Amino acid sequence: MNFERPVSEDDLHGYVDDRLAPGRRAEVEAYLEAHPEIAARVADYRSQNEALREAFAPAAAAPIPPDLNLERMVAAHRARTSFAGWRLAASLALTLGAGATGGWLVRGMSNPPQAGVAALSREAADNYKVYAADRARPVEISGEQQAVLTEWISHRLQRPVATPDLTSAGYNLMGGRLVATAHGPAGLFLYQNAEGVRLAVFVRVMGERDRNASMANHDVNGVESVAWADDGLGYDLAGPVQAGALRPIANAVRRQTLNSGEIRD
């Protein structure tokens, strides 16, 4: 089939999100039939969307808190307007006095890290929470297909990626999947020990400024992690394990991914 224009990555995401016009959707479907490897990736996008919907379904289904009821908010606003004039002046004075310092403090607290291993750790923790808690389908490719998993993630990251072996620490490979981040695709490898505790090794390509970074411990909303970067690849080991116990495992992962016995801190 000849296409009026090439099928782009935006077309694939639009197809997954049901945002394409009928004619373009038919073209993308024909393209996927002719390219089974791309169709498999699109199927993975769909499974990721379903997992995210399931993860956030309880919050979406929860009733709106009374304080956020629109009628109550309007009534409260009208009640406040009658005596708000003097409070406005006081508020402006406080804002001018405290804004220089307080504004920067709030900015630092509300904005998540955008780059470096801190951003890597947040992405790893977010994906860990979604997939490690999934008892039905935590991985897309099982550990029995390790070679396929390694090749798939290496191909998508356009870099050779090793699948770490954590058996010496008591964790067996469950499998893994490709996930999406604001910085491009990333690989997620999941491991589990005899007690059912799960760890994740998260890997993606880093920006040029962050291509090498020493190991750093992070705690992102209760998920402990150790993150670092070597030669443009960033790694993060995440899980519900105290940092002191996580660090030796991270060292082992780093040795394997460096193909060397030396740790470069």
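Predicted, not measured: the structure shown is a model, and the values here were computed from it.
No donor-acceptor pair closer than 3.5 Å links the side chain of T150 to the backbone N or O of A162. Counting only distance, with no hydrogens or angles, the side chain of Q192 and the backbone of M174 share no donor-acceptor pair below 3.5 Å. For T181 (side chain) and G184 (main-chain N/O), a donor-acceptor pair under 3.5 Å exists by modelled atom type. N212 places a side-chain N or O within donor-acceptor distance of the main-chain N or O of D231, the cut-off being under 3.5 Å. Panel note: side chain R177, backbone P138; a donor-acceptor pair is recorded below 3.5 Å. Remark: side-chain polar atoms of Y131 are not paired, donor with acceptor, to backbone N or O of G176 under 3.5 angstrom.
Closest non-hydrogen pair, L199 versus P240, comes out as CD2-CD, 4.5 Å. In terms of heavy-atom proximity, M206 sits nearest to V117 at CE-N, 4.1 Å. Nearest heavy-atom pair, W228 versus V226, reported as atom, atom and distance to 0.1 Å: CZ3-O, 3.4 Å. Pairing each heavy atom of V201 with each of P164, the nearest pair is CG1-CG, 4.1 Å. A200 approaches L188 most closely through the heavy-atom pair CB-CD1, 3.8 Å. In terms of heavy atoms, V220 sits closest to A125 at CB-CB, 3.7 Å.
The side-chain contact (heavy atoms from CB on, under 4.5 Å) with V203 is formed by just one residue from the set L233, T257, D236; it is L233.
Considering CZ of R204 and CG of L120, their distance stands at 5.0 Å, rounded to 0.5 Å. Rounding to the nearest 0.5 Å places CG of D134 at 8.0 Å from CZ of R198. Considering CD of Q256 and CG of N251, their distance stands at 11.5 Å, rounded to 0.5 Å. Note that the OH atom of Y128 and the OG atom of S225 stand 11.5 Å from one another [nearest 0.5 Å]. Interatomic distance, L166 CG to L173 CG, rounded to the nearest 0.5 Å: 8.0 Å. Within the model, atoms NE2 of H155 and CG of L178 stand 10.0 Å from one another, a figure rounded to the nearest 0.5 Å.
Salt-bridge formation is detected for the pair E29/R25: a Lys NZ or Arg NE/NH1/NH2 atom is positioned less than 4.0 Å from an Asp or Glu carboxylate oxygen.
Between E123 and F202 the shortest side-chain heavy-atom distance falls below 4.5 Å. Y31 has its side chain out of reach of V42: every pair of non-hydrogen atoms, C-beta onward, lies at least 4.5 Å apart. Inter-residue side-chain proximity for R41 and L12 is flagged as met; some heavy-atom pair is nearer than 4.5 Å.
Hydrophobic clustering, with ILVMFWY side chains joined whenever heavy atoms are under 4.5 angstrom apart, keeps L190 apart from V223.
Side chains of S8 and D10: no donor on one and acceptor on the other come within 3.5 Å.
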